Amino acid sequence: MKLPAFEYACPATLAEAVSLLAARDGDAKAIAGGQSLVPMMAFRVASPSLLVDLRRLPGLKEIKIDGGVRLGALVRWRDILDDARLARAHPLLVAAVKHVAHYQIRNRGTVGGSIAHADPAAEMPGIVVACDAEIAVTGKAGARVIAAKDFFLGALTTALAPDEIITEIRFPAWPTGRRFGFQEFALRRGDFAIAAAAVFYDIDASGRAANAHVGVIGVGDRPMRLPAVEAVLNGARVDGDLIARAAAATSAAVEPQDDIHASAAYRRSLVGTMVERALGAAAA
Amino acid sequence: MKNTFIGAPVERREDLRFLRGRGQYVGDLAPQGLLHAVILRSAVAHGHIRSIDASRALTMPGVHAVITAKDMPGGPPIIPMRLQPLPEFKPFEQPVIAADKVRYVGEPIAVVLADSAAVGEDALEAIAVDIAPLPPVADRATATKGASALFEKGNTALVFSAVRGDAAAAFKDAPYRRREQFKTQRHYGLTMEPRGVLAEWDAAQGILRVFGAAKVPFFNRRILAAQIGLPETAIDMVENDVGGGFGARGEFYPEDFLIPFAARQVGRPVRWIEDRRENLMAMNHAREAEADVEIACTRDGVILGLRGHTYADMGAYMRTNGAVGARNVAQFMSGPYRIENIDIDVTLFMTNKTPVGTYRGPGRFETDFFRERLFDMVAKDLGIDRVEFRRRNLVADAEMPYRLATITPFESKDELDSGDYQSTLDRCLMEIGWNEKQKLQGKLIDGRYHGLALGCFIEGGAAGPKETVKIALNPDATFTVLMGSSAVGQGVETVFAQIAADALEVPLERIREVLHGSTAYVSDGYGAYHSRSVVMGGSALLDAVEKFRAAVRADAARRFGCAEDAVRVGDDKVTGPDGRALALTEFAGIAAEGFFLNKKHTWTYGAHAAHVTVDAKTGRVEILDYAAVEDVGRIINPNTLKGQVIGSLVQGLGGAFLEHLVYDDQGQLLTGSLMDYLLPTASDFPNLRSVTTELKPSPINPLGAKGAGEGGIIAAGGVVANAVANALGDFGVEPRELPLSPPRVWEMIDAARSNAAAE
Amino acid sequence: MTTRFEVNGKAVEVNVEPRMTLADCLREVLRLTGTHLGCEHGVCGACTVLVDGEAVRACLMLAVQAEGRSVTTVEGLSNDDDLTPLQKSFRKHHALQCGFCTPGMITTAHALLSEEPDCDADRVREVLSGNICRCTGYIPIVEAVLDARSAYRKPAGDRG
């Protein structure tokens with residue numbers, strides 16, 4: 001499983017990196033941690049003619065907390081887990097990242113890489129969608145910001161142009177008092193999710209849920225929010241009955257597929273259980 | 001013979017190099033002038049090869065040769081079977097490379113020789129293979145229908161029968177009968193080190209050296225010699241460090257011919273190292289079996305008979321040991337239980353999937369699952385306690401030797417040697433806290449259903465017919481032991497040093513080294529399989545020590561000028577009459593070869609019990625506690641023994657819950673990476689306990705030992721499946737298939753709920 | 001492509017294709033064969049090495065990406081005279097059989113214990129769940145790592 005041959009560049013500036021990608025007209029790939037790209041190349045299902053290594057690019061490794069949370073694209077999973085500020089600044093992000101892969105992968109894998117790869121069962125795409133994050137990218141046409149809901153177009157497919165590089169992922173501010181829960185089911189610890197749910201809501205003056213966000217992964221070709229389930233929660237008191245209804249609404253709202261690990265029927269039921277348990281944790 | 005080191009938890013010598021990364025596995029060898037071999041494998045499950053065009057590949061820089069069947073005058077050699085080599089199997093044996101037909105995805109079609117593995121893989125993409133597809137046979141129904149035949153002789157290789165007593169009569173008026181169907185899934189003895197072969201042809205000396213041998217190097221040398229046209233004495237099979245065997249590594253595979261052949265063709269050393277993608281489709285698969293079985297009992301739960309049909313998917317070819325697991329399914333379904341009347345057959349059928357060989361406890365894991373599941377169902381029907389049902393039917397020591405079912409063809413008779421099966425059952429119940437935990441059965445606590453189960457098993461070991469060990473005295477008064485057994489990670493270097501030290505009555509450090517497996521070391525050897533190394537090799541070692549002493553005595557008698565029986569051989573001195581003495585080092589250079597012949601198997605035995613919880617909403621099963629009790633006759637090294645039990649048990653649990661080689665109906669292997677073929681990790685099964693005892697030494701060898709190493713795996717499937725059934729008793733869930741993955745457990749609950757709702 | 005980095009405290013310069021992984025570079029070019037290839041797709045952990053003290057899968061890193069970094073392999077965590085406390089603990093607990101996964105276990109455990117000498121059994125299992133072993137069933141490995149914690153709680157110079 002040796003890699004196919006490719007040219008390799010390690011530019012010092014973002015502009016140079018963009019330019020290198022643009023010149024290959026889609027046949028070049030950016031590489032950061034390589035935790036997703038290299039295995040694909042080892043199986044020879046990906047064979048770009050040029051790899052543009054992003055590791056020297058400045059300013060992409062920081063975690064900034066200023067109202068919201070801004071993750072430089074080269075921030076690694078371990079950087080998130082090591083940053084004590086995030087326990088308060090974005091506990092849902094931290095909860096999800098704890099499920100990502102394994103120890104060694106967390107030392108190399110980056111948030112930008114995960115988003116760009118867009119595996120339908122990966123946690124980070126699920127979190128950015130659930131939290132209405134924004135993805136800042138730079139390409140030959142300049143810089144733009146893509147809303148998370150517009151970013152994932154299908155399995156391993158994003159709105160990125162071949163010459164665009166993710167620079168930052170921006171999360172809205174996380175108010176204190178917000179209720180949240182993250183539940184994932186994988187066959188083994190560290191595996192991709194069979195199904196997972198990332199939920200949060202705020203409590204309004206009358207003690208009812210407001211601004212509910214219910215994001216799920218593993219039940220489609222991309223992560224998604226479930227407005228039908230959010231509608232069940234918004235304006236209601238979150239108790240056992242409501243949670244049960246939300247779970248049922250979840251199962252009704254998704255159209256999962258069969259695969260070698262799980263049937264569609266199983267995923268449909270499982271995602272309902274994930275939402276149920278995530279809400280249970282949120283309400284506790 | 002002393003007993004200082006036997007039974008002691010001696011730390012392993014092997015560890016000194018493994019811990020430092022100084023092990024030498026075949027992939028670590030890189031002689032000068034090395035060429036790398038990469039194998040082009042069929043991407044089609046069934047078809048006729050119309051053409052292979054390597055012309056473009058041969059123009060690539062760094063590509064030296066592309067070898068196909070056309071380079072083998074007379075056609076590619078056929079790999080013979082090593083075990084149960086019945087004439088009926090001959091038409092189904094595998095050619096070392098595909099000539100006119102491909103029969104499985106992964107079958108070798110060509111061998112590329114290149115400057116590096118990377119260049120070799122590049123070249124694969126440049127070889128055009130034109131295959132006219134044939135309809136694939138991917139399951140038993142298709143194989144049986146026979147519309148598409150893998151071979152001229154069809155898709156059925158053989159049917160074995162396991163018979164004891166008169167099952168027809170036993171069933172005729174039986175007061176109680178129950179018939180059930182069960183299935184175990186395809187999985188395999190994946191080793192952490194994939195396979196590899198390095199071959200060097202020394203034209204000047206006319207010697208072929210093959211590195212990467214394992215398990216049965218002497219047998220493999222015999223095959224290779226015949227295939228490649230060299231005398232056995234011109235071939236050296238060298239065993240390096242080996243990253244696991246589990247039954248799968250070490251049998252004669254296509255590459256064991258192809259790589260030496262390539263080395264002779266090009267006159268340079270050639271090294272092939274299997275990658276994991278290949279390993280998943282090319283290392284022997286195992287365990288795919290079905291049972292349609294019926295049991296007859298008295299109303300008191302005494303078993304009267306067991307009969308039925310079982311089926312074993314052999315894959316595309318009969319491999320060197322492919323018949324073993326299948327035969328075992330039929331022959332050992334009775335396990336440690338008294339079943340006087342048996343009539344079970346096993347059909348070995350062919351499919352367009354990777355060929356099948358043995359995996360630790362071959363056939364036994366499958367058949368124990370079938371039997372123990374049936375037992376719990378029967379106990380429930382009859383209203384008899386599950387433990388009591390088993391007690392009533394366990395063979396007693398006084399009944400041994402107890403004859404098992406006889407297999408035909410290839411008349412195979414086996415009998416249980418010694419055992420106190422009730423004792424290990426008692427111990428197991430005590431360890432798991434059976435009585436205290438009874439009240440938890442089927443209870444829903446904190447969102448989880450609790451279940452409890454147990455199972456009894458036997459493990460066959462010590463396959464004969466022979467093993468050879470040589471012992472040699474070095475000038476510094478240390479000893480070197482040379483074995484015909486092989487090391488596959490089980491610690492033979494240490495265990496044999498312990499036996500040698502005690503037999504010679506010397507400190508452990510005087511055993512300088514234990515060399516294993518290479519054909520240069522002893523005149524004849526058999527290898528490591530069927531849990532035989534301690535019994536066969538250990539006993540041969542005792543014989544070698546005796547013969548060594550006799551040789552020293554004879555030499556001393558000559559030197560002293562006295563009778564041999566006046567000589568005493570001590571641990572560092574040899575004394576004669578009248579106070580004459582010589583240092584032992586005066587006899588340096590004396591070596592003796594011992595052997596042990598054996599026709600009977602040993603049987604370790606025991607019981608396992610599990611306490612599980614089931615999350616009915618996700619289907620996840622968690623093992624809260626698992627106790628594995630096994631009596632092994634004689635413990636040589638308690639640490640390595642426990643390591644074998646726990647390691648084997650985790651493999652069994654992997655088979656029960658996680659591992660599954662999945663094919664589609666086109667014969668395409670869908671589980672093509674370790675993200676899809678799920679192996680147990682450190683998080684999965686942390687709560688396992690092993691207890692080993694020495695209740696009943698074996699009567700058939702001087703050590704009193706029984707082969708251990710496979711027991712842990714054998715009982716696991718049946719026990720956890722019964723525990724899940726016990727937990728989900730209220731739902732009426734009865735697992736009949738493995739693996740018990742969360743989605744499958746959930747599907748069973750869901751189906752049971754729908755059935756209940758429909759009623 | 002010429003790449004300069006440090007391996008086990010020694011400066012090295014290699015000239016390799018960009019497609020060569022760090023694992024293959026260590027094994028084939030530098031002849032440090034203690035780092036093993038068990039899967040070459042980032043799952044089994046047998047290839048784990050330390051890069052600037054952090055455990056990484058060497059099969060997923062390109063050799064050229066090691067430029068300017070400090071790499072430590074199992075050989076660099078060993079010495080000729082004696083086993084280190086971690087290695088002694090593995091041996092005592094029979095935490096290895098065939099030895100193939102062992103280098104990855106040693107490097108990973110060393111990284112974990114260096115950062116978290118007070119880790120508990122759950123944390124050890126979590127971290128080691130990225131290293132597959134087929135022989136031991138993991139229980140003795142976890143015991144060995146836990147037993148080695150005391151050696152890592154001492155000042156760095158005493159770790160052997």
Side-chain angles (χ1 to χ4, degrees), chain B residues 9 11-12 14-25 27-30 116-118 189-194 241-246 273 275-277 487-491 637 639-640 642-651 653 673-675 679-686 688 712, chain C residues 17 19-20 24 27-28 31-44 46 73-75 77-80 83-84 86-88 90-103 106-107 121-122 124-142:
Chain B
E11 291 188 340
R12 295 189 344 157
E14 299 89 328
D15 295 0
L16 297 174
R17 63 184 186 274
F18 293 157
L19 287 164
R20 291 177 163 115
R22 290 196 197 144
Q24 201 170 63
Y25 303 84
D28 301 334
L29 305 174
S116 70
L190 179 154
T191 53
M192 283 318 296
E193 183 205 8
D241 287 321
V242 158
F246 314 129
I273 301 299
D275 63 37
R276 187 57 68 186
R277 193 183 54 94
V488 289
Q490 75 278 50
N637 187 320
N639 277 358
T640 60
K642 179 176 170 186
Q644 291 296 304
V645 175
I646 297 288
S648 174
L649 175 55
V650 170
Q651 287 185 332
L653 295 172
S673 79
L674 296 189
M675 290 301 296
L679 295 166
T681 69
S683 303
D684 292 303
F685 308 115
L688 313 173
Chain C
E17 288 183 282
R19 67 162 156 173
M20 178 172 264
D24 277 332
R27 290 180 52 76
E28 304 290 339
R31 298 306 296 152
L32 292 164
T33 56
T35 301
H36 295 154
L37 299 179
C39 78
E40 294 182 284
H41 56 282
V43 176
C44 80
T73 68
V74 63
E75 290 95 338
L77 295 176
S78 307
N79 62 73
D80 285 335
L83 296 181
T84 64
L86 178 61
Q87 289 167 331
K88 283 190 173 140
F90 266 62
R91 191 174 188 219
K92 172 177 157 202
H93 290 274
H94 189 41
L96 60 152
Q97 291 183 27
C98 81
F100 200 77
C101 78
T102 304
I106 292 284
T107 50
D122 268 343
V124 172
R125 279 192 279 269
E126 181 199 344
V127 168
L128 290 184
S129 62
N131 293 71
I132 299 184
C133 172
R134 205 49 169 152
C135 294
T136 67
Y138 304 104
I139 288 171
I141 298 177
V142 174

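This structure is a prediction, so every number in the text was calculated from the model and none was measured. In what follows, chains carry the letters A, B, and so on, assigned in the order in which the sequence lines appear, proteins first and then strands, with residues in each chain numbered from 1.
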Contact part of B/Leu649 toward chain C, heavy-atom cut-off under 4.5 Å: side chain, backbone, both or neither? neither

Measure C/Glu28 against the heavy atoms of chain B and call it side chain, backbone, both or neither at under 4.5 Å. side chain

Most contact-rich option vs chain C, by heavy-atom pairs under 4.5 angstrom, among B/Asp275, B/Val242, B/Val645, is B/Val242

Which portion of B/Ser116 sits near chain C, non-hydrogen atoms under 4.5 angstrom: neither

Name the region of C/Thr136, side chain, backbone, both or neither, that has any atom closer than 4.5 Å to a heavy atom of chain B. backbone

For C/Leu32, is it the side chain, the backbone, both, or neither that has a heavy atom closer than 4.5 Å to a heavy atom of chain B? neither

Contact class of B/Ile273 relative to chain C, heavy atoms under 4.5 angstrom: neither

Under a 4.5 Å heavy-atom cut-off, does chain B meet the side chain of C/Ile106, its backbone, both or neither? side chain

Are C/Gln97 and B/Gln644 close enough, and set up right, to give a side-chain hydrogen bond (donor to acceptor under 3.5 Å, both in side chains), and what steps lead you there? CA-CA 9 Å; C/Gln97 291 183 27; B/Gln644 291 296 304; 3.0 Å; yes

Counting N and O atoms only, with roles assigned by atom type, does the side chain of C/Tyr138 sit under 3.5 Å from a partner on the main chain of C/Cys133, one being a donor and the other an acceptor? yes

I need the single residue from B/Arg20, B/Arg17, B/Arg22 that forms a salt bridge (charged side-chain N to carboxylate O under 4.0 Å, His left out) with C/Asp80. Which is it? B/Arg22

Between B/Pro680 and chain C, which part of the residue has a heavy atom less than 4.5 Å away: side chain, backbone, both or neither? both

Side chain, backbone, both or neither: which part of C/Arg27 has a heavy atom under 4.5 Å from chain B? side chain

Sorted by chain and residue number, the side-chain hydrogen bond (donor to acceptor under 3.5 Å, both in side chains) partners of B/Thr681 (sequence neighbours excluded) come out as B/Asp684

With a 4.5 angstrom heavy-atom cut-off, which part of C/Gln87 approaches chain B: side chain, backbone, both or neither? both

Check whether C/Phe100 gets within reach of chain B through its side chain, its backbone, both or neither, counting any heavy atom under 4.5 Å. both

Could you look at C/Asn131 and say if it's the side chain, the backbone, both or neither that has a heavy atom under 4.5 Å from chain B? neither

